[in-house]
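Here is the structure we will look at, set down as structure tokens.
The sequence lines fix the lettering, A, B, ..., with proteins before strands; numbering per chain opens at 1. Nothing here was measured: the structure is a model prediction, and the numbers come from that model.
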Number of protein chains: 2
Amino acid sequence: MSDDLDIIFAALADPTRRAILAMLLEDDMAVTDVADPFEMSLAAISKHLTILTRAGLISQEKRGRVKWCKLEPDAMRAASVWMQGFGQFDPVNLDAFERFLEAELPKGDGA
Amino acid sequence: MSDDLDIIFAALADPTRRAILAMLLEDDMAVTDVADPFEMSLAAISKHLTILTRAGLISQEKRGRVKWCKLEPDAMRAASVWMQGFGQFDPVNLDAFERFLEAELPKGDGA
DNA sequence: CGCATATTCAACCAAATGGTTGACGATACC
DNA sequence: GGTATCGTCAACCATTTGGTTGAATATGCG
């Protein structure tokens with residue numbers, strides 16, 4: 001569906017959201033912890049997480065009063081498949097990917 | 001660079017623009033011809049093409065009074081590489097891709 | 001119970017987005 | 001030169017987006 005791709009690509013078009021996805025690549029996280037490295041309100045991060053969830057890029061599960069965020073890599077497949085058609089890419093270029101990851105990590109976070 | 005991905009993903013987040021890319025996959029086209037199947041003004045399509053150009057997804061070359069639009073698949077590589085890191089996708093699923101292409105073609109275009 | 005923590009909701013705001021129309025510049029054609 | 005075609009520009013408009021703050025809800029803790 002065209003609409004799915006709309007929402008997925010739109011979700012990926014924001015650097016904060018991509019940084020969140022990169023963080024979740026390492027481990028599941030609570031909303032508060034996701035928000036921690038960013039210089040913006042918790043409410044703003046909460047909105048970003050909603051957008052990522054509606055795009056299917058993450059899922060959120062509430063355990064107790066903590067809502068855990070989990071990467072859902074499947075949702076990216078539709079977008080990935082769509083893109084693959086536009087060129088003969090290196091199937092996976094992990095090296096370049098890692099450089100992107102670094103660039104994506106929230107600034108000012110020393111670790 | 002984070003900024004590049006911003007612009008690329010934002011460009012891909014619009015169904016009209018994805019449809020344009022799909023059209024250009026078949027052949028280079030003049031702006032007027034790109035606009036033809038869409039039910040929106042030429043100016044609107046011109047704006048979309050500018051956005052695609054600034055994202056590096058297409059290039060435009062003026063020959064005479066006709067401006068030719070050409071797909072530039074390389075620009076998608078950065079985005080593709082970024083995405084590949086988020087799962088072990090089928091490297092290329094051409095079958096699913098073709099179904100997407102059909103879904104992406106402008107509606108109401110009988111031909 | 002009473003307080004702290006985790007998260008969202010609601011109202012608001014500035015800026016960006018996607019569209020329109022009409023005028024305009026540049027090129028081609030006769 | 002005059003006219004038609006190709007494409008963009010400028011001004012405008014409605015909607016969406018990404019952020020804020022303050023109040024509200026829900027859970028856990030002593």
Requested in this report: Kindly indicate whether the side chain of A/I45, heavy atoms from C-beta on, has any atom under 4.5 Å from the side chain of A/T16.
Outcome: yes

Query raised in the report: Under a 4.5 Å cut-off applied to non-hydrogen side-chain atoms, are B/I8 and B/L12 in contact?
Result: yes

Query raised in the report: Heavy atoms under 4.0 Å, any strand shown: does A/A30 hit a base, just sugar-phosphate, or nothing?
Result: sugar-phosphate

Query - Euclidean distance, atom CH2 of residue A/W68 to atom C1' of C/dT5 [Å, nearest integer] - result: 14 Å

**Report entry** Interatomic distance, B/K67 NZ vs C/dA28 C1' [rounded to whole Å]
**Finding:** 18 Å

Query raised in the report: Taking only side-chain nitrogens and oxygens of A/S46, does any of them come within less than 4.0 Å of OP1 or OP2 of C/dT8?
Result: yes

Acceptor/donor pairs from residues 48-59 of chain A side chains to any protein atom, 3.5 angstrom cut, sequence neighbours excluded:
from, atom 1, to, atom 2, distance (Å)
A/H48, ND1, A/R17, NH1, 3.1
A/T50, OG1, A/S46, O, 3.0
A/T53, OG1, A/L49, O, 2.7
A/T53, OG1, A/Q60, OE1, 3.1
A/S59, OG, A/E72, OE2, 2.9

Requested in this report: Take atom CG of B/L12 and atom P of C/dT17, then tell me their distance rounded to the nearest Å.
Outcome: 14 Å

Requested in this report: Heavy atoms only: give me the nearest B/V31-B/C69 pair and the separation to one decimal.
Outcome: CG2-SG, 3.9 Å

Query raised in the report: So what does A/A43 hit on the nucleic acid, given a heavy-atom distance under 4.0 Å: a base, only sugar-phosphate, or nothing?
Result: base

**Report entry** Within residues 47-64 of chain B: residues closer than 4.0 Å to DNA chain C (heavy atoms)
**Finding:** B/K47, B/H48, B/I51, B/G64

Report summary line: Counted 5' to 3', the first and last nucleotides of DNA chain D within 4.0 Å (strictly under) of a heavy-atom of chain A are D/dG18 to D/dG28

Query - A/D28/A/E61 under side chain to side chain contact (heavy atoms under 4.5 Å, CB included): CA gap, chis, key distance, verdict - result: CA-CA 10 Å; A/D28 298 358; A/E61 184 199 354; over 6 Å; no

Query raised in the report: Separation of B/D6 atom CG from C/dA16 atom P, in whole Å?
Result: 13 Å

